[in-house]
Amino acid sequence: MSSPAALTSLLAKSPNMRQTLFHPILREKAENLAADFQANYNQQDVPALFSELNSETNKQFNTYLSGIEAYRSHPYTRKIDDLPIIWREGNTCLHDYTSLNEVSENEHPILLIPSLINRGYIFDLEEKRSFARYLVQHGYPVFLVNWNTPDEDEKKFNLENYILRLAQICQCLIQNTGKVPTILGYCMGGTLATGLTSTFPELVHSLIALATPWDFEADGGKQKAMLSPAFPLMEQQIHAFGQLPTDTLQLCFGLLDPMLSLKKFTKFSQLDEQSDQALSFVALEDWLNDGVPLAGPTAKECLHDWYQENTPAKGNWLINGKIVQPQHFNRPSLSIIPMTDRIVPPESALALADILPLNITLKPSLGHIGMMSGNRAEKLVWDPIIEFLKALPK
């Protein structure tokens with residue numbers, strides 16, 4: 001949509017004007033385009049050039065809109081049922097996957113912890129793409145945390161409240177299985193898991209951190225600078241609603257990659273509706289759009305303490321009166337850091353991996369969501385997790 005304005009600037013007579021209007025990394029391309037125009041076009045060609053440009057931009061925009069409409073009208077719905085609930089507190093519940101397959105009594109239970117702002121079924125998206133079921137098929141007892149939308153009491157929760165709730169869940173698993181669980185956290189769930197391991201190490205057998213943010217300045221402040229303009233809006237909404245709405249969180253993710261929506265829905269518009277690729281796209285997009293609002297105090301802590309003060313990496317994050325210090329977690333850990341991640345900069349997650357004393361670090365060439373749901377997730381993420389689990393002491 002900015003192309004007509006860009007063309008107007010490109011055709012400006014003054015080179016200084018072009019140098020001012022175009023981003024430095026595009027300046028050489030702009031100058032080459034201007035030189036090409038001067039060599040091959042005259043002023044009589046300009047109206048036709050603008051007409052062709054408008055036709056092309058309209059074509060691309062309509063293709064994008066067609067992709068959105070095709071997604072909205074797609075008949076796919078998630079058909080697999082959630083597993084039995086063995087523990088509940090407020091709106092948080094714990095699903096038990098052990099009924100799906102015979103599991104080994106010698107293995108430690110695995111606790112899957114999603115981000116607070118996403119539904120837990122990213123671990124159980126479809127029967128053919130279910131990390132939770134994959135673990136169970138390999139004989140591991142699996143349990144999945146579902147945070148769900150905060151109730152009135154949970155709207156008052158801060159990060160410490162959620163970590164204390166995880167401690168309750170671990171105690172439940174120890175009581176039910178007789179074994180201390182392996183904790184697997186994804187994205188923000190990994191940061192919560194890290195807080196748990198530091199505060200209650202006796203409740204954790206080992207740690208697996210997937211795309212887990214830790215140092216919020218490790219990328220040179222790029223992400224913070226990109227998100228900062230939205231901070232005042234978020235603070236206003238927290239004050240008004242007692243929580244940070246899902247739509248605002250989606251806006252923030254959109255700021256991290258503004259062209260992603262255009263690219264993915266344009267591509268989707270060209271797929272056969274019943275193809276496996278189209279069905280997988282809709283399944284994942286449904287999950288992305290089925291977010292969970294973030295409790296007000298927790299949202300404030302994330303915005304201020306994490307993104308602005310960088311308390312985890314600076315050693316100033318307090319949980320239950322203790323500083324969260326992953327460097328003192330002297331049990332096995334595995335960090336998987338997708339190197340094309342736009343949501344959690346790899347540098348941020350590497351900062352945690354580097355200080356965990358008994359850590360194995362893997363760096364697959366995957367994105368933040370692809371590491372759990374993409375075509376290469378099983379080979380590059382799921383299988384290495386199985387190998388890590390096999391090597392753990394019983």
Side-chain angles (χ1 to χ4, degrees), residues 111-118 145 158-160 162-163 166 182-201 204 206-228 249 252-253 256 294 298-320 322-364 366-369 371-372 381 384-385 388:
L111 179 62
L112 305 180
I113 306 173
S115 171
L116 288 172
I117 60 175
N118 294 119
V145 176
N158 57 21
L159 291 165
E160 180 175 300
Y162 281 111
I163 290 174
L166 286 174
T182 289
I183 308 300
L184 185 151
Y186 181 27
C187 189
M188 185 186 187
T191 315
L192 295 176
T194 303
L196 175 71
T197 62
S198 181
T199 312
F200 302 98
V204 180
S206 51
L207 171 67
I208 302 174
L210 307 182
T212 295
W214 186 254
D215 186 342
F216 292 83
E217 296 176 354
D219 67 342
K222 296 176 185 176
Q223 196 172 76
K224 177 182 174 181
M226 195 175 297
L227 293 173
S228 289
L249 291 164
C252 294
F253 289 126
L256 296 176
L294 193 58
T298 297
K300 287 181 180 179
E301 280 189 77
C302 292
L303 294 178
H304 182 266
D305 294 0
W306 285 5
Y307 274 96
Q308 297 183 51
E309 298 299 325
N310 198 21
T311 54
K314 290 182 177 179
N316 297 324
W317 185 23
L318 287 173
I319 296 295
N320 208 32
K322 300 178 182 178
I323 296 175
V324 177
Q325 296 178 304
Q327 61 269 32
H328 294 160
F329 183 67
N330 60 352
R331 295 176 190 178
S333 62
L334 172 67
S335 298
I336 302 186
I337 301 166
M339 297 308 288
T340 58
D341 195 338
R342 291 179 180 269
I343 295 174
V344 176
E347 304 92 336
S348 177
L350 281 167
L352 175 61
D354 287 344
I355 61 175
L356 286 165
L358 301 178
N359 187 67
I360 297 170
T361 302
L362 302 178
K363 305 175 185 178
L366 294 170
H368 188 85
I369 308 299
M371 75 174 304
M372 190 47 58
V381 177
I385 289 174
F388 173 77

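Not one N or O on the side chain of Ser333 forms a donor-acceptor pair closer than 3.5 Å with the backbone of Ile208. Between the side chain of Glu160 and the backbone N or O of Asn320, at least one donor-acceptor pair lies under 3.5 Å. Using a distance-only test at 3.5 Å, with no hydrogens or angles considered, no donor-acceptor pair links the side chain of Ser198 to the main chain of Pro326. The main-chain N or O of Gly195 is found under 3.5 Å from a side-chain atom of Thr199 such that the two form a donor-acceptor pair.
A distance of 12.0 Å separates CH2 of Trp317 from CG of Asn310, quoted to the nearest 0.5 Å. Taking CG from Leu334 and CG from Asn359, the interatomic distance works out to 7.0 Å, rounded to the nearest 0.5 Å. Atom CZ of Phe388 and atom CG of Leu207 lie 7.5 Å apart (nearest 0.5 Å). Taken to the nearest 0.5 Å, the OG1 atom of Thr311 stands 8.5 Å off from the CG atom of Leu318. One distance of note links OG1 of Thr197 with CG of Leu356; it measures 7.0 Å at 0.5 Å rounding. Atom CG of residue Leu350 and atom CD1 of residue Ile337 lie 3.5 Å apart, to the nearest 0.5 angstrom.
Nearest heavy-atom pair, Leu362 versus Pro384, reported as atom, atom and distance to 0.1 Å: CD1-CB, 3.4 Å. Here the closest heavy-atom approach between residue Val324 and residue Ile319 is recorded as CG2-CG1, 3.6 Å. Minimum interatomic distance between Met371 and Ile336 (heavy atoms only, all atoms of both residues): CE-CG2, 3.6 Å. The two atoms that bring Pro345 and Gln223 nearest to each other are CD-NE2, 3.4 Å, heavy atoms only. Smallest separation of non-hydrogen atoms from Leu294 and Ala299: CD2-CA, 3.7 Å.
In this structure Lys222 satisfies the salt bridge (Lys or Arg N to Asp or Glu O under 4.0 Å) test with no other residue, sequence neighbours excluded. In this structure Trp214 satisfies the ring-ring contact (aromatic ring centres under 6.0 Å, His included) test with no other residue, sequence neighbours excluded. Residues that satisfy the side-chain hydrogen bond (donor to acceptor under 3.5 Å, both in side chains) test with Gln325, not counting sequence neighbours, are His328.
Contact of the Asp215 side chain with the Pro312 side chain is not registered, since no non-hydrogen atoms from C-beta on lie closer than 4.5 Å.
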Solution key, residues 301-309 side-chain donor-acceptor pairs under 3.5 Å, sequence neighbours excluded:
from	atom 1	to	atom 2	distance (Å)
Glu301	OE2	Leu159	N	3.0
Gln308	NE2	Leu303	O	3.3

Side-chain polar contacts of residues 182-193 - donor-acceptor pairs under 3.5 angstrom, sequence neighbours left out - could you list them?
from	atom 1	to	atom 2	distance (Å)
Thr182	OG1	Ser206	OG	2.7
Tyr186	OH	His368	O	2.5
Thr191	OG1	Pro213	O	3.0

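Within the structure, the salt bridge (Lys or Arg N to Asp or Glu O under 4.0 Å) test picks out the following pairs touching residues 330-352 (sequence neighbours left out): Asp257-Arg342.
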